[in-house]
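Only one structure is covered here, and it is reproduced in the block below.
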Amino acid sequence: MGQEPPANWGTLCVAENGATVTRPVEPIPGNYRLYYAQVRDALLGEAPAPVKPLDAWRVIRLLEWAALSSGRTPRNPLRLE
């Protein structure tokens, strides 16, 4: 459950020795049913939220930074504070 075929994997681009190197990145298998059950329980007041608010905010900032840096040399500083 939750495994993606290689055609759907992500691509990581990094600078190594002055050159850009790309490689496929296999996603970590997940279980969204369990996650959304935890969200439901948190909304009903029966359990804590499955993700801390600060962690959720950091992910949003990371996605915004990635969108800004897409297609450019990553010189946009990432601030997670």
Side-chain angles (χ1 to χ4, degrees):
M1 176 189 291
Q3 292 187 326
E4 293 287 336
N8 293 345
W9 290 8
T11 303
L12 176 64
C13 301
V14 295
E16 289 184 5
N17 300 320
T20 300
V21 178
T22 61
R23 61 181 70 111
V25 177
E26 181 178 6
I28 298 170
N31 185 341
Y32 285 107
R33 289 181 184 175
L34 175 60
Y35 170 75
Y36 284 110
Q38 292 173 337
V39 170
R40 176 204 60 217
D41 293 345
L43 292 172
L44 293 172
E46 298 173 358
V51 177
K52 295 176 186 173
L54 181 58
D55 290 338
W57 176 82
R58 285 178 172 151
V59 168
I60 292 168
R61 292 291 297 139
L62 182 62
L63 293 172
E64 290 173 340
W65 175 81
L68 287 172
S69 295
S70 179
R72 293 186 243 148
T73 304
R75 298 195 190 278
N76 294 319
L78 175 61
R79 293 187 176 85
L80 294 177
E81 52 221 29

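Within the structure, every pair that satisfies the salt bridge (charged side-chain N to carboxylate O under 4.0 Å, His left out) test and touches residues 41-55, not counting sequence neighbours, is listed here: D55-R58.
Within the model, atoms OH of Y36 and CG of L43 stand 11.5 Å from one another, a figure rounded to the nearest 0.5 Å. The structure places CD of E26 at 11.5 Å from CG of N8, a figure rounded to the nearest 0.5 Å.
At a threshold of 4.5 Å between non-hydrogen side-chain atoms, the residues I60 and W57 do not count as touching.
The heavy-atom pair separating T20 from C13 by the smallest distance is CG2-CB, 4.3 Å. The two atoms that bring P50 and A42 nearest to each other are CD-CB, 4.4 Å, heavy atoms only.
With sequence neighbours excluded, the residues forming a salt bridge (Lys or Arg N to Asp or Glu O under 4.0 Å) with E16 are R23, listed by chain and number.
L34 and I28 fall into different hydrophobic clusters, where Ile, Leu, Val, Met, Phe, Trp and Tyr are joined by side-chain heavy atoms under 4.5 Å apart, directly or via other members.
The backbone N or O of P27 sits nowhere less than 3.5 Å from a side-chain atom of W9 that would complete a donor-acceptor pair.
Other members of the cluster containing V14 are L12, V21, V25, with ILVMFWY side chains joined at under 4.5 Å, either directly or via other members.
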